[in-house]
Amino acid sequence: VQLQASGGGLVQAGGSLRLSCAASGSTFGSYYMGWFRQAPGKEREIVAAISKSGGSSYYADSVKGRFTISRDIAKNTVYLQMNSLKPEDTAVYYCASDPSYIRATTSPPYWGQGTLVTVSS
């Protein structure tokens, strides 16, 4: 499966952005989808994940209540709505897919190219 992430940019603290990840090359509904991020000098971390049906989701504690992951099976796209952004959310955000499951300790086999989110204070 090929993944193409978009939607990053520069935003002020307290603002919002919506990231998109378009999938192609395979049956979208057969894959668990997730968003990860990597800030400068830090390890990559999971942000959110959503089940194949979209019926369940997972969020890192640092983004709970501020970020929402969703998927549109008809459009083969997963979204990450980010509200109340903070400077510490600054990172390159990557979408990923896995035919089974995604959590912090898993290693998805498929990755998008990353999109940069910069939150200014």
Side-chain angles (χ1 to χ4, degrees):
V1 60
Q2 291 80 46
L3 304 173
Q4 180 74 35
S6 62
L10 173 64
V11 63
Q12 288 187 332
S16 299
L17 279 176
R18 188 177 79 158
L19 305 183
S20 300
C21 177
S24 62
S26 190
T27 305
F28 182 62
S30 299
Y31 291 84
Y32 221 99
M33 300 297 295
W35 287 96
F36 293 73
R37 67 186 181 187
Q38 186 165 20
K42 295 187 176 181
E43 293 186 352
R44 187 177 65 200
E45 61 177 359
I46 190 169
V47 176
I50 189 166
S51 63
K52 299 175 186 181
S53 68
S56 64
S57 55
Y58 164 87
Y59 296 93
D61 288 343
S62 58
V63 306
K64 279 181 182 176
R66 300 188 297 123
F67 291 11
T68 302
I69 189 170
S70 62
R71 66 191 297 164
D72 187 330
I73 294 179
K75 295 183 178 180
N76 285 3
T77 301
V78 62
Y79 303 98
L80 185 68
Q81 178 66 44
M82 305 185 294
N83 299 328
S84 302
L85 282 160
K86 304 175 181 180
E88 51 263 44
D89 294 317
T90 295
V92 177
Y93 284 71
Y94 300 88
C95 60
S97 66
D98 193 305
S100 56
Y101 189 70
I102 292 178
R103 281 299 185 268
T105 56
T106 61
S107 297
Y110 305 107
W111 293 85
Q113 84 287 5
T115 184
L116 176 63
V117 173
T118 304
V119 184
S120 63
S121 58

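Each residue takes its place number in the sequence, starting with 1. Values in this document were obtained by computation on a predicted structure and should not be read as measured data. All values below were derived from every heavy atom in this structure, side-chain atoms included, with hydrogens, water molecules and symmetry-related copies excluded.
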Give, for atom [atom1] of [X] and atom [atom2] of [Y], the distance between the pair rounded to the nearest 0.5 Å.
| X | Y | atom1 | atom2 | result |
| --- | --- | --- | --- | --- |
| Y101 | T106 | OH | OG1 | 8.0 Å |
| L116 | Q38 | CG | CD | 12.0 Å |
| Y79 | C21 | OH | SG | 10.5 Å |
| N76 | Y31 | CG | OH | 11.5 Å |
| L17 | N83 | CG | CG | 9.5 Å |
| K52 | I102 | NZ | CD1 | 10.5 Å |

**Request:** Report the C-alpha separation of Q81 and S16 in whole Å, then their side-chain angles, then the decisive distance to 0.1 Å, and conclude whether the side chain to side chain contact (heavy atoms under 4.5 Å, CB included) test is met.
**Result:** CA-CA 7 Å; Q81 178 66 44; S16 299; 4.0 Å; yes

Is the shortest heavy-atom distance from the side chain of [X] to the side chain of [Y] under 4.5 Å?
| X | Y | result |
| --- | --- | --- |
| S30 | F28 | no |
| S120 | V11 | no |
| Y94 | Q113 | no |
| F36 | W111 | yes |
| S20 | S6 | yes |
| V63 | M82 | no |

**Audit row: L3, S97, side chain to side chain contact (heavy atoms under 4.5 Å, CB included) steps and yes/no** = CA-CA 8 Å; L3 304 173; S97 66; 3.8 Å; yes

**Asked** Less than 4.0 Å between a side-chain N and a carboxylate O, is that true for K64 and D61?
**Response** yes

Which heavy atom in [X] sits nearest to a heavy atom in [Y], and how many Å separate them?
| X | Y | answer |
| --- | --- | --- |
| T115 | G8 | OG1-N, 3.0 Å |
| A23 | V1 | CB-CG2, 4.1 Å |
| Y58 | A60 | CE2-N, 4.0 Å |
| L80 | A48 | CD1-CB, 4.2 Å |
| Y110 | P99 | CE1-CD, 4.5 Å |
| A39 | T90 | CB-O, 3.6 Å |

**Message:** Before you tell me yes or no, could you show the steps for I46 and R37 under side chain to side chain contact (heavy atoms under 4.5 Å, CB included), namely the whole-Å CA-CA distance, both residues' side-chain angles and the distance that decides it to 0.1 Å?
**Reply:** CA-CA 6 Å; I46 190 169; R37 67 186 181 187; over 6 Å; no

**Asked** Do the side chain of S51 and the main chain of S56 share a donor and acceptor less than 3.5 angstrom apart?
**Response** yes

**Message:** Donor-acceptor check, side chain of T118 to backbone of L10, threshold 3.5 angstrom: yes or no?
**Reply:** no

**Item:** Distance-only side-chain donor-acceptor flag, R103 / Y32, under 3.5 Å
**Value:** yes

**Prompt:** Stepwise, does the side chain to side chain contact (heavy atoms under 4.5 Å, CB included) test hold for V117 with L19?
**Reply:** CA-CA 9 Å; V117 173; L19 305 183; 4.0 Å; yes

